Trainee: 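Here it is: the structure, laid out below.
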There are 2 protein chains.
Amino acid sequence: MSLRYALLGLLAEEPASGYDLAGKFERNLRRYAWHAQRSQIYPELNRLAADGLVSVVEEGARGRRAYAITDVGRIELRRWVLDPNDEPVVRNEHTLKLFLLATLDVEDARKVLRQQAEGSLHEHERLRAAIDQADASGRAPVEFFAAELGARYFLTLHEWATWALSRLDET
Amino acid sequence: MSLRYALLGLLAEEPASGYDLAGKFERNLRRYAWHAQRSQIYPELNRLAADGLVSVVEEGARGRRAYAITDVGRIELRRWVLDPNDEPVVRNEHTLKLFLLATLDVEDARKVLRQQAEGSLHEHERLRAAIDQADASGRAPVEFFAAELGARYFLTLHEWATWALSRLDET
DNA sequence: ATTTACATGTAAGACGTTACATGATTCT
DNA sequence: AGAATCATGTAACGTCTTACATGTAAAT
């Protein structure tokens, strides 16, 4: 059911079409939080509309339909975000591969860990620069909390990969 | 197909039964890398055996069957782990909720962040203690790497939530 | 005129969850 | 003797992916 709330969350910021939302998933969510294809988004939007959580607010060119979150949708979104939810399920193929590196021989693992250490440091610096630029322009801080978490996450990944490399060197 | 490789990776460490593997998922993978239920693990083990990637190495009490990875399985596991695979898909309900914090009002956001700061510190300490214990008894690298990244990840979450709370207090 | 981007969907099959089903062994 | 844990599975249902299907508007 997370897809439903991801859509509500994106629509809570501004009205958007299914096509727009697919772009938002791609740009803002898929690397850290959630992924969805268009073929999943369109039917779910129709279900959300049928349930009264969103409504069509604009019909544009090429059959475009822009949706907005309703008051009922906002209440339901808030309920879900505030719900403590222990034991959330995580599926991260990238992290899984990092764990399984330890099952390969040392030279294979070293090579990939070096790439990982480098790549995550680069991602960290990219996000940090974007945050600093946004900070300077004096925007509302809460909008950048997610970016800050991303930056810290990639730094942690970098440090972990470096640590894992040193562990492999010990043996 | 990730489940298949998660199983191969765990079996690359040591032979195990489906029941054992469910425990390994629960303890080592589910919070940051991958999750699987027993009802998914047993059929997949049978498929892996049929494909010659694992084999039954022991039949014990209560119908227990321990599997070991085969040479073919090891080759296939290595191929998958080394495969670059850009754009891996992430689904993390917890992170999604953190991203959607921006849609709540400040008091609600504070509430979530306090829960987050407390919960992630607790998880960090739990994992760090488990690592210290494992360090003393010399456990398998896969479990060790997983726990270390988990511990670092939860500490990062804790620090981020604390930072975000202090940011909210500033205004 | 042609290409690119916009725009919405359906269908088949793969993957994952929840509930159900069964029984053996160990611990207290 | 009873409870907890070990141990393996199936069935129904829900979610997600991949391939297919269709057409419009803007840019070059």
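So that the names make sense, note that chain A is the first sequence line, chain B the second, and so on, each numbered from 1. Below, all heavy atoms of this structure are taken into account, side chains as well, without hydrogens, waters or symmetry copies. Nothing here was measured: the structure is a model prediction, and the numbers come from that model.
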Trainee: Using the rule given for salt bridge (charged side-chain N to carboxylate O under 4.0 Å, His left out), can you reason through B/Glu107 versus B/Lys111, listing the C-alpha separation, both sets of side-chain angles and the distance that settles it, and then say yes or no?
Mentor: CA-CA 6 Å; B/Glu107 259 323 298; B/Lys111 200 192 291 183; over 6 Å; no
Trainee: When you compare the side chains of B/Glu123 and B/His158, does any donor N or O come within less than 3.5 Å of an acceptor on the partner?
Mentor: no
Trainee: Nearest whole angstrom, please: distance from the P of D/dA25 to the CD of A/Glu59.
Mentor: 14 Å
Trainee: What is the distance, to the nearest angstrom, from the CD1 atom on A/Ile41 to the P atom on D/dT17?
Mentor: 10 Å
Trainee: Going through the checks in order, is the salt bridge (charged side-chain N to carboxylate O under 4.0 Å, His left out) test met by B/Glu76 and B/Arg79?
Mentor: CA-CA 5 Å; B/Glu76 176 62 6; B/Arg79 187 198 60 71; 2.9 Å; yes
Trainee: Between A/Asp20 and A/Ser17, do the side chains contain an N or O donor and an N or O acceptor separated by less than 3.5 Å?
Mentor: yes
Trainee: Tell me every residue that passes side-chain contact (heavy atoms from CB on, under 4.5 Å) with A/Arg27, counting only those two or more places apart in sequence or in another chain.
Mentor: A/Lys24
Trainee: What is the distance, rounded to the nearest whole Å, between atom OH of B/Tyr5 and atom C1' of C/dA14?
Mentor: 14 Å
Trainee: Go along nucleotides 6-16 of chain D 5' to 3' and tag each nucleotide: B for a protein heavy atom under 4.0 Å from its base, S when only backbone or sugar atoms are that close, - otherwise.
Mentor: BBBBB----SS
